[in-house]
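What follows is a short report on a single structure.
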Amino acid sequence: MSNGDVNKQKVLDLALKGNEIANPQDIVKDPYVFEFLGLPEDKLMMESDLEEALVRQIEKFLLELGKGFMFVGTQQRVTFGNVHYYVDMVFYNKILKSYVLIELKTIKLMPEAVGQLNMYLNYYAAEVNDEDDNPPIGLILCTDKGNVDMQYALGGLNNNIFASKYVTYMPDKEQLIAQVEAVLTANSKEHK
């Protein structure tokens, strides 16, 4: 079977079976498209502005996240000793039976964000999870995750931490074609 036939079969299988969620990585999209927020394309924003816009549009954000998500809250406090930290957004995925902690970054992915989220995940696993819950999942939503060093920041952790890019508008036709071609090229290289 050629690479084209393999890709066509994958698309056909997905169309027939639908999106199956069995693992934490099955709930993570990349990129997320936040066009529904109506944010200006070229305006610099703060994390609190992005969070506020997402909460105002929570129903649409839940649809963008995917299947099984339930909103728990924003700025959920995590305390170590007498120091308080705050998880930007917390969801629960009923299919995976896991809390999903989201950190919002209005800049590119930085290693310190991974460490911060890993700390929150450890806290949730020890202090918040019920015995029926699976380990919590972490998701960092950022404007760019293309750093080569991120494989080192995300590698070797016991927790499930993912990074996904978000965009505030749909790319134009040429950008979309280039992105699809890049994915197809990467997939064909993997299968050789």
Side-chain angles (χ1 to χ4, degrees), residues 10-11 13-39 45-78 85-109 113-145 150 154 157-171 179 183:
K10 287 181 182 178
V11 170
D13 289 346
L14 182 60
L16 294 173
K17 292 191 292 189
N19 187 14
E20 295 180 347
I21 297 174
N23 301 303
Q25 61 266 28
D26 294 339
I27 67 167
V28 177
K29 294 168 52 176
D30 191 30
Y32 287 90
V33 180
F34 294 161
E35 190 172 40
F36 60 87
L37 296 176
L39 297 171
M45 71 179 127
M46 310 243 334
E47 289 174 20
S48 59
D49 296 334
L50 177 59
E51 180 182 313
E52 182 181 323
L54 288 170
V55 170
R56 270 196 321 269
Q57 299 284 344
I58 196 68
E59 182 179 0
K60 292 176 184 173
F61 184 42
L62 286 168
L63 290 172
E64 180 64 17
L65 283 174
K67 292 181 181 178
F69 282 91
M70 297 182 290
F71 182 59
V72 175
T74 61
Q75 297 303 306
Q76 298 294 293
R77 189 169 74 185
V78 171
Y85 300 90
Y86 297 89
V87 183
D88 289 336
M89 302 183 88
V90 178
F91 294 83
Y92 189 83
N93 188 283
K94 67 179 186 172
I95 297 168
L96 292 175
K97 296 184 179 175
S98 296
Y99 283 98
V100 179
L101 283 56
I102 296 180
E103 274 301 299
L104 302 171
K105 299 298 174 196
T106 56
I107 58 172
K108 69 180 183 177
L109 181 61
V114 176
Q116 177 184 12
L117 187 54
N118 193 51
M119 176 178 70
Y120 297 161
L121 292 172
N122 288 329
Y123 177 87
Y124 264 70
E127 304 296 332
V128 178
N129 268 17
D130 290 331
E131 62 184 49
D132 295 342
D133 290 332
N134 288 313
I137 300 163
L139 176 59
I140 302 169
L141 294 176
C142 51
T143 58
D144 182 14
K145 66 172 195 124
M150 285 306 102
L154 292 168
L157 295 174
N158 291 330
N159 289 316
N160 286 307
I161 298 179
F162 302 94
S164 289
K165 179 179 176 178
Y166 68 84
V167 295
T168 57
Y169 62 95
M170 283 295 287
Q179 289 175 2
V183 168

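Predicted model only: the values in this text are computed from it and were never measured.
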>> Please find the pair of heavy atoms, one from Pro135 and one from Ser98, that lie closest to each other, and give the distance.
In response: O-OG, 3.2 Å

> To the nearest 0.5 Å, how far apart are CG in Asn93 and CG in Asp133?
Replying inline: 11.0 Å

>> By the salt bridge (charged side-chain N to carboxylate O under 4.0 Å, His left out) test, which pairs, at least two apart or in different chains, include something from residues 120-131?
In response: none

>> When you compare the side chain of Gln116 with that of Tyr85, does any pair of heavy atoms fall below 4.5 Å?
In response: no

>> For the CG atom of Leu117 and the CG atom of Asn122, what is their distance to the nearest 0.5 Å?
In response: 10.0 Å

> In Å and rounded to the nearest 0.5 Å, what is the CD1 to CD1 distance from Ile102 to Ile137?
Replying inline: 10.5 Å

>> Please give me the minimum heavy-atom distance between Pro136 and Leu121, naming the atom from each residue.
In response: CG-O, 3.4 Å

> Stepwise, does the side chain to side chain contact (heavy atoms under 4.5 Å, CB included) test hold for Val87 with Glu103?
Replying inline: CA-CA 7 Å; Val87 183; Glu103 274 301 299; 4.1 Å; yes

>> The criterion is side-chain contact (heavy atoms from CB on, under 4.5 Å); which residues satisfy it with Val128, sequence neighbours excluded?
In response: Tyr99, Tyr123, Tyr124

> How would you list, by chain and number, every residue that makes a side chain to side chain donor-acceptor pair (under 3.5 Å) with Glu52, sequence neighbours excluded?
Replying inline: Arg56

>> Test of understanding: with side-chain contact (heavy atoms from CB on, under 4.5 Å), list the residues that count as partners of Lys97, not counting sequence neighbours.
In response: Tyr92, Asn134

> Is there side-chain contact between Asp88 and Gln75, with heavy atoms separated by less than 4.5 Å?
Replying inline: yes

